[in-house]
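Remarks on the structure that follows.
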Amino acid sequence: TSVIRGTYLGLEFMRKENGGDGGVIINISSLAGLMPAAFQPVYCATKHGVIGFTRSIALAANMENYGVRLNTICPGFVNTPILQSIDKEENMGQYYSYKDEIKNMMQFYGVMDPSIIAEGLITIIEDDTLNGEVMKITASQGIHFQQYNQTPFTSSKR
């Protein structure tokens, strides 16, 4: 809910038809928004939703000439204290049995420093051609974009 409400508030104040200067809104999802995650089904579903919402509203903002770009960043595992919680059953609850799978994923994708996320954020802010894009960031593959087929029916409104 907060991503949706925050995005709509941003659009309200930023869009040119309301006197704003335009700009960019960047919503944060996760690699879990691009693939299934058996040990985090609700988290996974909400992160898929962030991506779908942001791509959809980016398309609408473009069609309505708001002057606002919207993109999503999907980081992998980041070296923060939350990563230590997977070894504690009280934090993982019913998904504690998946801790080895999570550790295997961490090994595959790598664990990155938060500064790599900042680098991706700066890229999206500075590149005015990016709208509706989904940036993936992992330690093993660096900064790259999710590839999608061309979205149909985007040439005009109504």
Side-chain angles (χ1 to χ4, degrees), residues 1-15 20-62 66 68-148:
T1 303
S2 61
V3 169
I4 294 168
R5 290 184 67 186
T7 299
Y8 281 133
L9 279 170
L11 283 172
E12 184 69 25
F13 289 101
M14 295 169 68
R15 66 186 195 198
D21 294 327
V24 61
I25 295 170
I26 303 168
N27 288 326
I28 307 299
S29 181
S30 167
L31 283 185
L34 296 166
M35 63 185 79
F39 51 88
Q40 296 176 307
V42 175
Y43 179 81
C44 184
T46 59
K47 297 306 180 180
H48 272 79
V50 169
I51 293 169
F53 170 73
T54 305
R55 291 186 72 222
S56 297
I57 201 72
L59 186 60
N62 187 54
Y66 286 173
V68 178
R69 299 179 296 112
L70 296 99
N71 295 288
T72 308
I73 293 180
C74 296
F77 296 98
V78 182
N79 189 13
T80 62
I82 198 166
L83 288 186
Q84 309 310 314
S85 70
I86 63 170
D87 284 324
K88 298 177 182 159
E89 189 169 1
E90 63 271 13
N91 293 335
M92 296 295 290
Q94 65 184 356
Y95 301 108
Y96 180 70
S97 63
Y98 291 97
K99 72 178 178 357
D100 291 334
E101 182 179 337
I102 297 167
K103 288 179 180 180
N104 289 339
M105 289 177 67
M106 288 170 60
Q107 185 174 1
F108 178 80
Y109 288 110
V111 177
M112 63 189 148
D113 187 75
S115 64
I116 299 172
I117 310 293
E119 184 180 330
L121 183 69
I122 291 168
T123 299
I124 287 180
I125 291 169
E126 292 180 341
D127 188 340
D128 290 339
T129 66
L130 299 176
N131 186 48
E133 300 297 330
V134 176
M135 176 184 277
K136 300 186 288 186
I137 308 174
T138 64
S140 63
Q141 296 178 336
I143 297 171
H144 55 291
F145 290 89
Q146 178 73 12
Q147 298 297 311
Y148 292 99

Would you call the rings of Tyr8 and Phe53 parallel, tilted or perpendicular, taking 30° and 60° as the class edges? perpendicular
Can a donor-acceptor pair be found, under 3.5 Å and without considering hydrogens, that links the side chain of Asn131 to the backbone of Ala58? yes
Any side-chain heavy-atom pair from Thr72 and Val50 closer than 4.5 angstrom? yes
Locate the shortest heavy-atom distance separating Tyr66 from Leu11; write the atom from each residue and the value. CD1-CD2, 3.8 Å
Ignoring hydrogens, what is the shortest heavy-atom contact between Val78 and Pro114? Give both atom names and the distance. CG1-CG, 3.8 Å
Reported CE-to-CD1 distance for the pair Met135 and Ile117, which is rounded to 0.5 angstrom: 9.5 Å
Check: Glu133 and Asp127 side chains under 4.5 Å, non-hydrogen atoms: no
Heavy-atom side-chain proximity of Leu130 to Phe145 below 4.5 angstrom: yes
I'd like to know whether Asp128 forms a salt bridge (Lys or Arg N to Asp or Glu O under 4.0 Å) with Arg69, so could you lay out the CA-CA distance, the side-chain angles of the two residues, the decisive distance to 0.1 Å, and finally the verdict. CA-CA 8 Å; Asp128 290 339; Arg69 299 179 296 112; 3.7 Å; yes
Is Leu31 close to Lys47 at the side-chain level, that is, under 4.5 Å between some pair of heavy atoms? no
Between the OG atom in Ser29 and the CD atom in Gln146, the distance rounded to the nearest 0.5 Å is 10.5 Å
Would you say Asn71's side chain and Gly132's backbone share a donor-acceptor pair under 3.5 angstrom? yes
In terms of heavy-atom contacts, does CD of Gln107 have more than 12 from other residues, nucleotides or ligands at under 6.0 Å? no
Could you check if a side-chain atom of Ile73 sits within less than 4.5 angstrom of a side-chain atom of Ile28, using non-hydrogen atoms only? yes
Heavy atoms only: give me the nearest Cys44-Ala37 pair and the separation to one decimal. SG-N, 3.7 Å
Does the Arg15 side chain pair with the main chain of Ala61, one donor and one acceptor, at a distance under 3.5 Å? no
If I compare all heavy atoms of Cys74 with all of Ile51, which pair ends up nearest, and what's the gap? SG-CD1, 3.7 Å
Report yes or no: does Thr46 contribute a side-chain atom to a donor-acceptor pair with the main-chain N or O of Tyr43 at less than 3.5 Å? yes
